[in-house]
Enquirer: 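If you scroll down you'll find the structure; I have some questions about it.
Letters go in sequence order (proteins before strands), and every chain restarts at 1. The structure presented is a predicted model; accordingly, all values stated were derived computationally and were not measured.
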Amino acid sequence: MGAAPSSGFKKVRHAVPMLSLSNVFDWDEYQEFRQKIKNFLGLSDEDGIELLAEQKIDGLSCSLRYEGRKLVQAATRGDGEEGEDITENVRTIKDVPDELPAHAPEFVTVRGEIYMGRKDFSELNKRLETEGKKIFANPRNAAAGSVRQLDSKITASRPLRFFGYALADNSNFQTQKDVRDAIHSWGFKVPEPSYAGFGIDGAMTYYKEIEGLRSTLDYDIDGIVYKVNRLDYQSRLGFIARAPRWAAAHKFPAEQAVTRLNAIEIQVGRTGALTPVARLEPITVGGVVVSNATLHNEDEIARKDIRVGDMVIIQRAGDVIPQVVEVVADKRLAGSEAYVYPDHCPACGSLAIREEGEAIRRCTGGLICPAQAVERLKHFVSRLAFDIEGLGAKIIEEFWEKGIVKTPADIFRLKDMTINPPLKEWEGWGEKSVANLFASIDQRRVIALNRFIYALGIRQIGEATAKRLAGHYGSWPVLRAAMQAEERDELLNIEDVGPSVADDLLGFFAEDHNRAVLDDLEVFLTIQDYERPQNIDSAVAGKTVVFTGTLAKLTRTEAKAQAERLGAKVAGSVSAKTDYVVAGEDAGSKLKKAQELNVTVLSEDGWLQLIGQN
DNA sequence: GTGCCTCGAGTTCC
DNA sequence: CTCGAGGCAC
């Protein structure tokens, strides 16, 4: 058996992506969340919107595929698009039925949370301790660690449990509550109680009830999840970036702790941004030991008057990222001094400048700054970019220090490079791990266009914009040619690209050094043309459509989101490239332009008919 | 010109 | 996760 990747788990593509949730932190934001939903759906103030509220289990999400009512695959969430195959381990979980009853659909994907009970957790830790093994910090980590065991016999000895909360495909159901009840009737556990209602009062009562119940539950929850109950609304609402518009998490207030701030260190990011980080006297908060916390920027330190040596209150924002809430004023040491922010880069010594009106101070060292160079390389191999297994941030740093990886192309040259001493003789490396690394590097020589664009680390070009660019230009040669021909106007016509983004893009491609890096890289790679996601068979896929006038049945945002879901491009103005103009009430100049250019004009109903929604 | 929304870039810990 | 800022709609 050779081919097993070093992580040991097979990758699994989710047919329907597993998404994350946006958050509300108080009741104002809760109201905002409801209001936005109503606005999007074009509902009036009197129209209610029913939400289903459930406990948010602090575990790890898992997707269970049943075929012929038998469990055939279990996968972790991963990056939402692609997770890991943990089927064998999940088969050992009692709460997960191997087979569904006859009234369940033959083919179905159930989603839910794997978790560990609190009592089970402390017993497991006791057992691990007597066996002289490492104990887990909290039930969540214990559950995650147990699921990722390569030997499913070990997983079987761990007290894992499962709550179901959703289906990948909701057709055949009217409401989220129906889905919940169905999952329950198929033999899954669902957290009790839940609550469905229209107003804020019921939600508040439910929130308080669960918060009160929290300490008596045998499992950890970190808040409440609200979902729009009507599934037809859910599908109309759709998604923004990584999260559904129709759901939100309402987290319980974060646990806080007091500790000493030992030092403030300045880190340099790939764009040269100087970011302050607090080094803390280690302390347990929210179940994990925290020794660092972000301080965001210069102004944040000044605003909170944070000084080295202060006692500070820290919390984990959203129970994840540690942050300094405030200084404990009466514990300040005599003679402490306000923190002076450096105006030179700690890595290369270049001047660090803060542009007028900006919050961030940046190193001006550019190409000569080693910190920026390493960070760019880390970005290049990161999860949303090349995602090279076994080549994480630490290894990149090591390779950089030893001088064997200086540019992205060096990564692909490693295999044939003469390294002295050879890599397999380095500490922590062996024959096998070197072979695995080279294999996973080779695997990534074929890469999707959008990932490649993202990997370049051009300022302001993140995941979403890289995808837009890939969608617009289609292939790498076309994109590169357009950039080097400085086709600025075309860029500005792309949605979400304005003057600032366009300048950063053109600036990148105008730089000799960058061009050389690209020439060097291209030799090693096969950059795949952009594949428009799904729905390629929809009538409007690949078409450019412009909406104008007032629409009656859909709001503008909704129409746009729907069109994009079906693979269409939505533009703001009519040109010869426009395929359809959808004219609502009182359409004006755009309609006239469309007629001049002989662009097909549709009524709102005509459009709905075209996309099969009528 | 202003306000909203979304994105990007920074961050921690396991 | 948070923050700042760019893009776009009004």
Enquirer: Verify the contact: side-chain N or O of Asn292(A) to OP1 or OP2 of dC13(B), cut-off strictly under 4.0 Å; return yes or no.
Expert: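 Looking at the OP1 and OP2 atoms of dC13(B), one of them is under 4.0 Å from a side-chain N or O of Asn292(A).
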Enquirer: Do Asn125(A) and Glu129(A) have side-chain atoms, one donor and one acceptor, less than 3.5 Å apart?
Expert: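 Judged by distance alone, the side chains do not pair up.
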Enquirer: Sequence neighbours excluded, which residues qualify as ring pair (Phe, Tyr, Trp, His ring centres under 6.0 Å) partners of His296(A)?
Expert: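 Per chain and number, His296(A) pairs via ring pair (Phe, Tyr, Trp, His ring centres under 6.0 Å) with no residue.
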Enquirer: Out of dC3(C), dT12(B), dG7(C), which nucleotide sits closest to the side chain of Pro499(A)?
Expert: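 Nucleotide nearest to Pro499(A)'s side chain: dG7(C).
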Enquirer: Return whichever of Phe136(A) or Thr275(A) has its heavy-atom-nearest nucleotide of DNA chain B closer to the 5' end.
Expert: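 Taking each residue's closest nucleotide, the earlier one in sequence belongs to Thr275(A).
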Enquirer: If you only use heavy atoms from C-beta on, which nucleotide in dC7(B), dT2(C), dC13(B) is closest to the side chain of Gln323(A)?
Expert: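 Nucleotide nearest to Gln323(A)'s side chain: dT2(C).
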Enquirer: So, Tyr219(A) versus Phe163(A), ring centres under 6.0 angstrom or not?
Expert: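 Yes; Phe163(A) has its ring centre under 6.0 Å from that of Tyr219(A).
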Enquirer: Lys36(A) near the nucleic acid: base, sugar-phosphate alone, or nothing, with a heavy-atom cut-off under 4.0 Å?
Expert: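 Sugar-phosphate: the residue Lys36(A), judged by heavy atoms under 4.0 Å, touches backbone atoms but no base.
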Enquirer: Closer to the 5' end of DNA chain B via nearest nucleotide, is it Ser291(A) or Arg270(A)?
Expert: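 Nearest-nucleotide comparison on DNA chain B picks Arg270(A).
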Enquirer: Ring centres of Tyr207(A) and Phe252(A) under 6.0 Å apart?
Expert: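 Ring centres of Phe252(A) and Tyr207(A) closer than 6.0 Å.
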Enquirer: Between Thr465(A) and Gln460(A), do the side chains contain an N or O donor and an N or O acceptor separated by less than 3.5 Å?
Expert: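 Result is no, nothing qualifies.
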Enquirer: With a 4.0 Å heavy-atom cut-off, tell me which residues in residues 500-509 of chain A come close to DNA chain B, sorted by residue number.
Expert: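 Output list: empty, so none.
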Enquirer: Starting at NZ of Lys251(A) and ending at P of dT2(C), how long is that distance when rounded to a whole Å?
Expert: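 From Lys251(A) NZ to dT2(C) P: 8 Å.
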Enquirer: Which listed nucleotide (dG8(B), dG10(B), dC5(B)) is nearest to the side chain of Ala464(A)?
Expert: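 Of dG8(B), dG10(B), dC5(B), dG8(B) is nearest to the side chain of Ala464(A).
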Enquirer: In whole angstroms, how far is the C1' atom of dC3(C) from the CG atom of Leu274(A)?
Expert: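 About 17 Å, once rounded to whole Å.
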Enquirer: Using a strict threshold of under 4.0 Å (side-chain N to carboxylate O), is an ion pair present between Asp299(A) and Arg354(A)?
Expert: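 A salt bridge links Arg354(A) with Asp299(A).
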Enquirer: What residues form a side chain to side chain donor-acceptor pair (under 3.5 Å) with Lys126(A), not counting sequence neighbours?
Expert: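 Not a single residue meets the side chain to side chain donor-acceptor pair (under 3.5 Å) criterion with Lys126(A).
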Enquirer: Measure from CZ on Arg303(A) to P on dG4(C) and round the result to the nearest Å.
Expert: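 So the CZ-P distance, Arg303(A) to dG4(C), works out to 6 Å.
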Enquirer: Tell me the interatomic distance from Lys394(A), atom NZ, to dC13(B), atom P, rounded to whole angstroms.
Expert: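 Roughly 13 Å, once rounded to whole Å.
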Enquirer: Could you state the atom-to-atom distance from CD of Glu300(A) to P of dT11(B) in whole Å?
Expert: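 Value for this atom pair: 14 Å.
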Enquirer: What nucleotide among dC7(B), dT6(B), dG10(B) has an atom nearest to a side-chain atom of Arg245(A)?
Expert: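 Taking heavy atoms from C-beta onward, the closest nucleotide is dT6(B).
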Enquirer: Does Thr294(A) put a side-chain nitrogen or oxygen below 4.0 Å from OP1 or OP2 of dT2(C)?
Expert: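 No, no such contact exists.
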Enquirer: Given atom CD1 of Ile360(A) and atom P of dT2(C), what is their separation to the nearest angstrom?
Expert: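 Atom-to-atom, Ile360(A) to dT2(C), this comes out as 17 Å.
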Enquirer: Measure from the side-chain heavy atoms of His296(A) and tell me the nearest of dT11(B), dC5(B), dT2(C).
Expert: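 Per side-chain heavy atoms of His296(A), the pick is dT2(C).
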Enquirer: Is the distance between the ring centroids of Phe33(A) and His250(A) under 6.0 Å?
Expert: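 No; His250(A) has its ring centre 6.0 Å or more from that of Phe33(A).
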Enquirer: Would you say the rings of Tyr226(A) and Tyr30(A) are close, in the sense that their centroids are separated by under 6.0 Å?
Expert: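 Close enough - the centres of the two rings lie under 6.0 Å apart.
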Enquirer: At 4.0 Å (heavy atoms only), tell me whether Ile314(A) reaches a base, stays on the sugar-phosphate, or touches nothing.
Expert: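 Ile314(A): no heavy atom of the nucleic acid under 4.0 Å.
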Enquirer: Picking from dC13(B), dC1(C), dA9(B), which would you name as closest to the side chain of Arg459(A)?
Expert: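 Nearest to the side-chain atoms of Arg459(A), counting from C-beta on, is dA9(B).
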Enquirer: Which whole-number value in Å describes the distance from Arg362(A) CZ to dG10(B) P?
Expert: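 Taking atom P of dG10(B) as the reference, CZ of Arg362(A) is at 7 Å.
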Enquirer: Where the side chain of Arg279(A) is defined as all heavy atoms beyond and including C-beta, which of dG10(B), dG8(B), dT12(B) is the nearest nucleotide?
Expert: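 It is dT12(B).
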Enquirer: Let me know the distance between CD of Glu495(A) and P of dA9(C), rounded to the nearest Å.
Expert: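 Nearest whole value for this atom pair: 7 Å.
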Enquirer: When you get a sec, tell me which of dC5(B), dG4(C), dC13(B) is the closest nucleotide to the side chain of Asn297(A)?
Expert: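 That would be dG4(C).
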Enquirer: Check every atom of dA9(B), dG7(C), dG6(C) against the side chain of Asp496(A) and return the nucleotide holding the closest atom.
Expert: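 Selected nucleotide: dG7(C).
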Enquirer: If you only use heavy atoms from C-beta on, which nucleotide in dG4(C), dT11(B), dC13(B) is closest to the side chain of Val277(A)?
Expert: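 Output: dT11(B).
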